[in-house]
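Below is one structure, written out as structure tokens; comments come after it.
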Amino acid sequence: REGCTICHTSDVLIGCDGINGSVRKQLLDDTGHASSPLQYLGVLVMLGITGNLPEGSPGADIADGKSALQMSDGKTRLFAMPFDNCQTMWQLSFPMDLDVAQKLSQEGPAALLAEALRRCGAWAPPVPQLLHSTDSSLVSGYPAYDRDVLGPAAFSAAAGSKLATGLPAVTLLGDAAHPMSPFKGQGANQALMDAVVLAKELCLCGAEGPVPALRRYEAEMLQRSGKKVLASRDVSSLLHSELAIGEGDKTRSSFVGKANLERTESLPLNAV
Ligand SMILES: Cc1cc2nc3c(=O)[nH]c(=O)nc-3n(C[C@H](O)[C@H](O)[C@H](O)COP(=O)(O)OP(=O)(O)OC[C@H]3O[C@@H](n4cnc5c(N)ncnc54)[C@H](O)[C@@H]3O)c2cc1C
């Protein structure tokens with residue numbers, strides 16, 4: 001990452017270097033296979049951490065270190081939950097053009113917090129109280145991205161890439177393989193499941209070596225995580241729309257729409 005070259009010998013290379021991972025880039029670019037570029041989801045996500053509200057202050061019964069809350073005006077959405085016994089973390093997200101979102105993100109924590117207060121400073125408790133009590137040093141915010149789902153063909157083709165020369169067993173894990181919107185809370189969970197499946201497959205590999213084990217891992221990983229990528233994308237749109245505040249005693253998924261759910265369930269294996 002810092003421009004120096006370090007040489008290691010290994011039987012397998014697992015690219016688990018995140019959404020901008022260089023292993024994926026080298027692996028897929030070498031083969032001329034579409035590496036599915038980052039796709040902006042149209043939303044900026046901001047995070048902040050503050051102390052639990054003092055007892056007796058407005059909204060303290062909600063931001064109490066035990067409860068989670070979600071509030072929306074049909075466009076801008078704030079979610080808050082306990083960070084630890086004494087602190088609450090909040091996540092604010094709203095639609096924004098990419099150039100404006102990039103500029104705001106680069107302007108830094110104070111500008112982000114000012115934008116949060118501009119949008120939600122007059123909302124019901126405990127939102128203004130949480131925002132006002134947050135130290136800007138504990139605020140961050142970035143445009144949200146995902147990538148289209150890869151198909152197994154991408155990995156088979158990559159087995160002949162320059163990166164894989166002399167190292168036939170290369171694969172990807174976690175956000176390097178399947179970055180997704182954060183709104184279903186699935187990214188880290190899928191990465192952990194990847195690790196378990198990959199470890200099991202590698203434990204089982206025998207005289208044939210690790211390559212077939214990696215292809216079996218990839219087939220399972222792409223099918224499982226691909227559904228989450230699409231569902232997370234759908235939820236990203238839903239949560240920042242009027243549907244999020246639609247009245248009715250219904251689950252969130254019932255608002256996403258039957259068509260989207262069917263699309264997610266029938267994800268083709270050779271998606272990209
Ligand atoms: C706002 C937000 C909220 C989220 N909420 C949830 C949630 O509630 N539940 C959930 O399951 N997921 C959630 N996620 C997603 C989750 O954070 C990611 O899916 C998860 O961190 C992916 O793990 P990873 O190990 O694949 O990648 P990363 O966590 O990105 O780790 C990759 C690591 O590789 C390192 N690296 C990169 N390049 C190099 C290099 N060249 N050399 C050495 N090291 C390198 C990086 O520094 C980094 O430490 C959220 C994400 C965001 C942005």
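Counting convention: from 1, in listed order, for ligands and their atoms alike. This structure is a prediction, so every number in the text was calculated from the model and none was measured. Values reported hereafter were calculated over all heavy atoms of this structure, with side chains retained and with hydrogens, waters and symmetry mates removed.
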>> When you compare ligand 1 with Asp175, is there at least one nitrogen or oxygen pair between them that comes in under 3.5 angstrom?
In response: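 The answer is yes, given that Asp175 and ligand 1 share an N or O pair closer than 3.5 Å.
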
Heavy-atom nearest neighbour of [atom] within options [options]:
| atom | options | result |
| --- | --- | --- |
| atom 3 (C) of ligand 1 | Pro182, Ala188, Gly187 | Pro182 |
| atom 9 (N) of ligand 1 | Ser22, Ala144, Gly185 | Gly185 |
| atom 38 (N) of ligand 1 | Asp194, Asn189, Leu172, Asp17 | Asp17 |

> Roughly how far apart are Lys25 NZ and Asn20 CG, rounded to 0.5 Å?
Replying inline: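 Going from NZ on Lys25 over to CG on Asn20, the span is 10.5 Å.
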
> Just heavy atoms, cut-off under 4.0 Å: does Gln186 contact ligand 1 by side chain, backbone, both, or neither?
Replying inline: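 It is the backbone that gets close, since no side chain atom is under 4.0 Å.
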
> Which part of Ile19 is near ligand 1, with near meaning a heavy atom under 4.0 Å away: side chain, backbone, both or neither?
Replying inline: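 It is neither; nothing of Ile19 touches ligand 1.
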
Short N-O contact, [X] and [Y], less than 4.0 angstrom:
| X | Y | value |
| --- | --- | --- |
| Arg233 | Asp148 | yes |
| Arg224 | Asp194 | yes |
| Glu220 | Arg216 | no |

Enumerate the atoms of ligand 1 whose separation from the nearest heavy atom of [X] is less than 4.0 angstrom.
| X | value |
| --- | --- |
| Leu47 | 1 (C) |
| Gln91 | 1 (C), 3 (C) |
| Gly18 | 27 (O), 30 (O), 32 (C) |
| Gly174 | 26 (O) |

> Would a 4.5 Å heavy-atom cut-off, applied to side chains only, mark Ser72 and Leu239 as touching?
Replying inline: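 They are not in side-chain contact.
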
>> Suppose we screen for ring-ring contact (aromatic ring centres under 6.0 Å, His included). Which residues come up paired with Tyr145, at least two apart in sequence or across chains?
In response: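 For Tyr145, the residues satisfying ring-ring contact (aromatic ring centres under 6.0 Å, His included) (neighbours in sequence not counted) are Tyr40.
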
> Does Ile49 belong to the same Ile/Leu/Val/Met/Phe/Trp/Tyr cluster as Leu113, with side-chain heavy atoms less than 4.5 Å apart forming each link?
Replying inline: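 No; Leu113 is not reachable from Ile49 via cluster members.
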
Cut-off 3.5 Å, no hydrogens considered: what does the side-chain donor-acceptor table look like for residues 131-139, sequence neighbours left out?
| from | atom 1 | to | atom 2 | distance (Å) |
| --- | --- | --- | --- | --- |
| Ser133 | OG | Thr50 | OG1 | 2.8 |
| Ser133 | OG | Gln129 | O | 3.1 |
| Ser133 | OG | Leu130 | O | 3.1 |
| Thr134 | OG1 | Trp90 | NE1 | 2.9 |
| Thr134 | OG1 | Leu130 | O | 2.6 |
| Asp135 | OD1 | Ser137 | N | 2.9 |
| Asp135 | OD1 | Ser137 | OG | 2.9 |

> Quick one: does Cys16 get a heavy atom under 4.0 Å from ligand 1?
Replying inline: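 The answer is yes, since Cys16 has a heavy atom less than 4.0 Å from ligand 1.
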
